[in-house]
Structures are given as C-alpha cells and as structure tokens.
Amino acid sequence: MQDVYSLFELLNRQDDLEIVKVKDYIASPKPNGYRSLHVIARIPVFFMDKKESIPVEIQLRTLAMDFWASLEHDLKYKAVSEVQGIDASSELKDCSRIIEEVEARMQVLAGALEPEG
C-alpha cells in the first residue's frame, strides 16, 4: 500500500501538472469495500497552436485492489446470472477487508527489506 502513496508523492512533485483534488478511499473505503486513491490533476496538452490544461483522473491501486474493483464492476454490470446462495455484496465487502489485512501484513514484511538508518 505504501507504493500507492509513494507514487502519489512522485506525482505531487511533478512541476508540469497540478493536483486539484484527492479522494483517499484507502484510508476511508467506500461502504461497499472499494479502496483506491483517486487523484484529479490538470495536465498540459499541446495542440498545434496552443497548450491547454486538461483535467484527468488517476486511480492508484495495488494489484489486489484493482482485481477487487474489476470483479465488483463485472458482477455489478456484466453478470449474466446471480451466483446461487451467495450474497455478492457481502462477499465483496469481506474480501475487501481481507485484502486490506493481507496488504498491511505484507507491508510489514516488505519493511524488513528496507535498509536501516
């Protein structure tokens, strides 16, 4: 998870874009369990005769967060049939909680790779 925030810090240091808004759904997940860091930034776009600052949304996630978001989207908008005997919303929320716990534990282990000092 720290990599997501590190990437945000790198974006924030860019002198050719302006951070307009940040929505931190990692620190404060949505009620359905969705987690991601959304950054709205203005970036320069060069045209033949002018440069224009265009807003873009950048979504920063871990692989697990991205898999969860893709699965939630597919279940919500593309599911052909409902899975028998499963409350998909409840399952997804549980999966989000489990992913958060696993990522936190893995972050601790990754910290062992950091040089001391």
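For this chain, numbers begin at 1 and follow the sequence in order. Below, all heavy atoms of this structure are taken into account, side chains as well, without hydrogens, waters or symmetry copies.
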Is there side-chain contact between [X] and [Y], with at least one heavy-atom pair below 4.5 Å?
{"X": "V22", "Y": "L37", "answer": "yes"}
{"X": "L71", "Y": "L75", "answer": "yes"}
{"X": "N32", "Y": "E72", "answer": "yes"}
{"X": "W68", "Y": "R35", "answer": "no"}

Out of curiosity, [X] [atom1] to [Y] [atom2], how far, rounded to the nearest 0.5 Å?
{"X": "S36", "Y": "M65", "atom1": "OG", "atom2": "CE", "value": "7.5 Å"}
{"X": "I86", "Y": "L92", "atom1": "CD1", "atom2": "CG", "value": "10.0 Å"}
{"X": "L7", "Y": "N12", "atom1": "CG", "atom2": "CG", "value": "12.5 Å"}
{"X": "I43", "Y": "E52", "atom1": "CD1", "atom2": "CD", "value": "11.5 Å"}

Taking [atom1] in [X] as the centre, count heavy atoms belonging to other residues, nucleotides or ligands within less than 6.0 Å. Is the count above 12?
{"X": "Y77", "atom1": "OH", "answer": "no"}
{"X": "L10", "atom1": "CG", "answer": "yes"}
{"X": "Y5", "atom1": "OH", "answer": "yes"}

- prompt: Which heavy atom in R42 sits nearest to a heavy atom in S53, and how many Å separate them?
  reply: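 Taking every non-hydrogen atom into account, NH1-O, 2.9 Å.
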- request: Give the minimum heavy-atom separation between A64 and I99, together with the two atoms involved.
  value: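 Of all heavy-atom pairs spanning A64 and I99, the closest is CB-CG2, 3.6 Å.
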- request: For E101, check side chain to side chain donor-acceptor pair (under 3.5 Å) against everything at least two apart and list the hits.
  value: R97
- prompt: When hydrophobic residues are tied together by side-chain contacts of less than 4.5 Å, even through go-betweens, does I19 share a cluster with V56?
  reply: yes
Heavy-atom donor-acceptor pair, [X] side chain to [Y] backbone, under 3.5 Å:
{"X": "S6", "Y": "Q2", "answer": "yes"}
{"X": "K21", "Y": "V39", "answer": "no"}
{"X": "Q107", "Y": "M1", "answer": "yes"}

Distance-only side-chain donor-acceptor flag, Y25 / R61, under 3.5 Å: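 No, no side-chain donor-acceptor pair sits under 3.5 Å.
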- prompt: Is R105 salt-bridged to E103, cutoff N-O under 4.0 Å?
  reply: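 Result for this pair is no, no salt bridge flagged.
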- request: Give me the one residue out of T62, V4, L60 that meets side-chain contact (heavy atoms from CB on, under 4.5 Å) with I26.
  value: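 Exactly one candidate clears the test, V4.
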